[in-house]
Amino acid sequence: MSKSALCFLSLTLICSAVTFADATSMPFWEMAAKAGIGIFGLLFVASLFVGRRIKFNPVLR
């Protein structure tokens with residue numbers, strides 16, 4: 001897993017932890033955390049697809 005994928009995964013987990021925390025007193029942060037889950041989750045999946053490039057060395061020695 002690349003560093004960017006790991007970073008986006010950790011940000012997604014942090015946003016989900018904020019969502020499941022006591023967010024009844026702060027509805028704005030709950031909404032922002034839910035948006036962060038979607039955005040960072042999408043970026044995590046995109047970085048996994050980008051990181052799956054196959055490195056092929058045509059020179060066989």
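- W29 and M31 fall within a single hydrophobic cluster, where Ile, Leu, Val, Met, Phe, Trp and Tyr side chains are chained together by heavy-atom contacts under 4.5 Å.
- For the residue pair S4 and S47, the shortest heavy atom distance occurs at OG-CB, 3.9 Å.
- Scanning both residues, T12 and G41, for their nearest heavy atoms gives OG1-N, 3.4 Å.
- A heavy-atom distance below 4.5 Å is not found between the side chains of L6 and S10.
- By the criterion of side-chain heavy atoms lying less than 4.5 angstrom apart, applied directly or through intervening Ile, Leu, Val, Met, Phe, Trp or Tyr residues, L43 is grouped together with L13 in one hydrophobic cluster.
- Residue pairs meeting the salt bridge (charged side-chain N to carboxylate O under 4.0 Å, His left out) criterion with at least one partner in residues 31-44, sequence neighbours excluded, are E30-K34.
- The shortest heavy-atom contact between F40 and F8 is O-CB, 3.8 Å.
- With hydrophobic clusters built from ILVMFWY side chains whose heavy atoms lie under 4.5 angstrom apart, L48 shares a cluster with I39.
- The nearest pair of heavy atoms linking I37 to S16 is CD1-CA, 3.6 Å.
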